[in-house]
Amino acid sequence: MIFVFNGPNLNMLGLREPEIYGSDTLGDIKDLCAQTAEEHGFDLDFRQSNHEGELVTWIQEAAQKAALKGIVINAAAYTHTSVAIHDALKLVKAPIIEVHISDPKSRESFRHLSYIEPLAASVIAGQGAQGYKMAIEQIAAMVEA
Ligand code: DQA
């Protein structure tokens, strides 16, 4: 079982700053993740929330699943602010892959700090929607190794 968690405003992909985030919608990304997970024989749970506490609760629940193989997380703006999401991710024993559609480190300075990065097995940024596919493939490689 792989969880893909998406933070605030990612439900607006396609409409939201397409010059930065591209034209793929979150539905397109969900389809890409479902296809990639299926290729590797993983069940997928793909979610988005605009609420920090809801993301924290979902991470807590995922951390307690015996079948958990990995978490892919694009915490969006909470990446740069959320000690609560950082603390929840500390419960997770399976690999965590941090994904960003854009490359936050080449944008405004307030996007340069990530509270997820210290807990992530890897960070995939600036690869657009393909970054999600790459993240699932990385988890597959870790599980199969
Ligand atoms: C983002 C980058 C964040 O800085 C921003 O707040 C987002 C999206 C990305 O996927 O590029 O909402 O996580």
Side-chain angles (χ1 to χ4, degrees), residues 1-40 42-65 68-143:
M1 159 80 71
I2 291 183
F3 286 86
V4 179
F5 293 135
N6 294 281
N9 298 304
L10 293 173
N11 55 317
M12 301 308 284
L13 287 174
L15 293 175
R16 177 189 181 201
E17 300 178 274
E19 66 286 1
I20 295 175
Y21 298 114
S23 57
D24 285 317
T25 66
L26 195 63
D28 295 331
I29 293 174
K30 183 178 180 178
D31 290 346
L32 178 65
C33 288
Q35 188 190 321
T36 311
E38 195 186 338
E39 280 165 18
H40 292 279
F42 293 124
D43 290 332
L44 181 78
D45 196 326
F46 185 101
R47 302 182 188 193
Q48 186 274 334
S49 179
N50 292 325
H51 302 278
E52 185 176 15
E54 188 163 43
L55 290 159
V56 167
T57 299
W58 289 346
I59 293 165
Q60 291 174 359
E61 288 169 2
Q64 294 175 74
K65 294 249 187 271
L68 180 69
K69 294 287 189 269
I71 291 181
V72 176
I73 182 162
N74 182 352
Y78 290 143
T79 305
H80 317 300
T81 63
S82 182
V83 177
I85 290 176
H86 171 98
D87 286 347
L89 287 171
K90 281 192 161 176
L91 290 163
V92 176
K93 302 285 178 274
I96 297 163
I97 311 290
E98 176 179 358
V99 170
H100 299 284
I101 295 165
S102 68
D103 179 10
K105 300 249 196 283
S106 65
R107 298 178 61 194
E108 304 97 318
S109 58
F110 60 81
R111 297 184 201 276
H112 293 185
L113 172 67
S114 167
Y115 284 96
I116 316 283
E117 193 173 345
L119 304 172
S122 76
V123 180
I124 300 171
Q127 304 296 320
Q130 289 300 313
Y132 286 77
K133 180 181 169 74
M134 293 162 69
I136 293 172
E137 286 171 344
Q138 284 191 7
I139 292 172
M142 287 177 198
V143 168

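The figures that follow rest on heavy atoms only: side chains count, while hydrogens, waters and symmetry mates do not. Both ligands and their constituent atoms are indexed starting at 1 by order of listing. We're numbering straight along the sequence, starting at 1. What you see is a predicted model; the values in this text were computed from it and never measured.
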*Does ligand 1 have an atom under 4.0 Å from some heavy atom of N9?*
no

*asked:* In this structure, does ligand 1 have an atom that sits under 4.0 Å from one of the heavy atoms of R16?
replied: yes

Report the nearest protein non-hydrogen atom to [atom]: residue, atom name, distance rounded to 0.1 Å.
atom	answer
atom 5 (C) of ligand 1	R111 NH1, 3.3 Å
atom 3 (C) of ligand 1	H80 NE2, 3.5 Å
atom 9 (C) of ligand 1	I101 N, 3.4 Å
atom 1 (C) of ligand 1	H100 ND1, 3.7 Å
atom 11 (O) of ligand 1	S102 OG, 2.6 Å

*Examine the side chains of Y132 and D24 and answer whether a donor and an acceptor come within less than 3.5 Å of each other.*
no

_Is it true that Q138 and S122 share a donor-acceptor pair across their side chains at a distance under 3.5 Å?_
yes

*asked:* If I compare all heavy atoms of L55 with all of G7, which pair ends up nearest, and what's the gap?
replied: CD1-CA, 3.9 Å

_So which atom in Q48 and which in W58 form the shortest heavy-atom distance, rounded to 0.1 Å?_
O-CH2, 3.5 Å

*Would you mind running through ligand 1 and noting each atom that sits below 4.0 Å from a heavy atom of A77?*
6 (O), 12 (O)

_From I101, I116, I124, L26, residue fulfilling side chain to side chain contact (heavy atoms under 4.5 Å, CB included) relative to N74_ = I101

*With distance as the sole test, does D28 use its side chain to make a donor-acceptor pair with the main-chain N or O of T25 at under 3.5 Å?*
yes

